[in-house]
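Step one of this worksheet: look at the structure below.
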Amino acid sequence: QVQLVESGGGLVEAGGSLRLSCAASSRSFKGYAMGWFRQAPGKEREYVASIARTGLSTAYADSVKGRFTISRDDAKNTVFLQMNSLKPGGTAVYYCAANRRGYGLGAESDVDYWGKGTLVTVSS
């Protein structure tokens, strides 16, 4: 079983930035595709971004393109999400996700492992 532990959430003003981290317990980390999902209060969980096992391929939801950047450090078994220009009403719990296949992480059905989430609160 792979454990994913998110960190870096907190309170930020609209327009500000925050960097989330997700540390994985598995030595197979570099073979996994990694991603981030989020769930706003009263809404369904939604895809945010993902990065393939090589790190060469990334993908983003349209709503975050140009503002968020996903990256990974395989030496530290960690994936990051740099979030800039956070929007009012952007409060959500952000979840780290892993896919053993190594690519094609774009929906909840692609996820093999979930973290417990970290709360990002955006104040207006």
Side-chain angles (χ1 to χ4, degrees):
Q1 185 70 17
V2 176
Q3 288 189 322
L4 303 175
V5 180
E6 302 95 337
S7 61
L11 176 64
V12 61
E13 289 186 358
S17 299
L18 212 54
R19 189 193 197 203
L20 305 183
S21 300
C22 171
S25 63
S26 173
R27 278 185 259 177
S28 299
F29 174 82
K30 65 180 180 181
Y32 297 156
M34 300 297 298
W36 292 92
F37 290 72
R38 67 185 178 187
Q39 186 168 23
K43 295 187 177 181
E44 298 287 318
R45 186 158 53 184
E46 63 176 3
Y47 166 82
V48 174
S50 58
I51 184 166
R53 62 183 174 215
T54 61
L56 296 178
S57 175
T58 58
Y60 299 90
D62 287 343
S63 59
V64 306
K65 278 182 184 176
R67 299 186 298 119
F68 289 13
T69 302
I70 188 170
S71 60
R72 64 190 296 158
D73 184 340
D74 289 347
K76 296 182 179 180
N77 285 6
T78 302
V79 63
F80 305 96
L81 185 68
Q82 177 67 44
M83 305 186 294
N84 299 328
S85 302
L86 285 161
K87 295 183 176 181
T91 294
V93 176
Y94 280 75
Y95 296 91
C96 180
N99 164 313
R100 290 192 301 263
R101 183 174 54 198
Y103 61 93
L105 201 172
E108 291 196 38
S109 58
D110 299 320
V111 177
D112 295 308
Y113 306 108
W114 289 100
K116 293 184 177 180
T118 185
L119 176 63
V120 173
T121 303
V122 182
S123 65
S124 54

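These numbers were taken from a predicted model, which means no experiment stands behind them.
Between R101 and R53 there is no side-chain heavy-atom pair separated by less than 4.5 Å. A 4.5 Å side-chain heavy-atom check between V111 and L105 finds at least one atom pair inside the cut-off. Residues F68 and Q82 are not in side-chain contact: their nearest non-hydrogen atoms beyond the backbone lie 4.5 Å or more apart. M83 has its side chain within reach of V120: a pair of non-hydrogen atoms, C-beta onward, lies under 4.5 Å apart. A heavy-atom distance below 4.5 Å is found between the side chains of W36 and C96.
Panel note: side chain S26, backbone V2; no donor-acceptor pair is recorded below 3.5 Å. Of the possible polar contacts, none joining the D73 side chain to the T78 backbone as a donor-acceptor pair under 3.5 Å is found. Not a single donor-acceptor pair under 3.5 Å links the side chain of N77 to the backbone N or O of S25. Judged by distance alone, the side chain of R72 and the main-chain N or O of G55 form no donor-acceptor pair under 3.5 Å. A distance-only check finds a donor-acceptor pair linking the side chain of N99 to the backbone of D110 [under 3.5 Å]. Side-chain atoms of T118 come within 3.5 Å of backbone atoms of G9 as a donor-acceptor pair (strictly under, hydrogens ignored). Although no hydrogens or angles enter the test, the distance criterion places a donor-acceptor pair under 3.5 Å between the side chain of E6 and the main chain of K116. At distances below 3.5 Å, at least one donor-acceptor pair connects side-chain atoms of T91 with backbone N or O atoms of V122.
Rounded to the nearest 0.5 Å, atoms CG (N84) and CZ (R67) are 9.0 Å apart. To the nearest 0.5 Å, atoms OG (S21) and CZ (F80) are separated by 5.0 Å.
Nearest heavy atom pair, residue S124 against residue A14, reads CA-CB, 4.3 Å. Scanning both residues, Y47 and S50, for their nearest heavy atoms gives OH-OG, 2.9 Å.
With a 6.0 Å cutoff to the six-membered ring centre and a 45° limit on the axis angle, R27 does not count as a cation-pi contact of F29.
Under a hydrophobic-cluster definition in which Ile, Leu, Val, Met, Phe, Trp and Tyr are linked whenever side-chain heavy atoms come within less than 4.5 Å, directly or via other members, V79 and Y103 are assigned to different clusters. Two different hydrophobic clusters hold L18 and V93 under the rule that ILVMFWY side chains link at heavy-atom gaps under 4.5 Å.
Within 6.0 Å of OH on Y60 lie more than 12 heavy atoms contributed by other residues, nucleotides or ligands. Counted within 6.0 Å of CD on E108, heavy atoms from surrounding residues, nucleotides or ligands total more than 12; the atom is thus considered enclosed.
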Listed pairs under 3.5 Å, donor-acceptor, residues 37-44 side chains, sequence neighbours left out:
residue: R38; atom: NE; partner: E46; partner atom: OE2; Å: 2.7
residue: R38; atom: NH1; partner: Y94; partner atom: OH; Å: 3.1
residue: R38; atom: NH2; partner: E46; partner atom: OE2; Å: 3.2
residue: R38; atom: NH2; partner: S63; partner atom: OG; Å: 3.4
residue: Q39; atom: NE2; partner: K43; partner atom: O; Å: 3.0

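Applying the under-4.5 Å side-chain rule to Ile, Leu, Val, Met, Phe, Trp and Tyr, the cluster around L11 consists of that residue alone.
For A98, the side-chain contact (heavy atoms from CB on, under 4.5 Å) partners two or more places apart in sequence, or in a different chain, are L4, Y32, M34, Y113.
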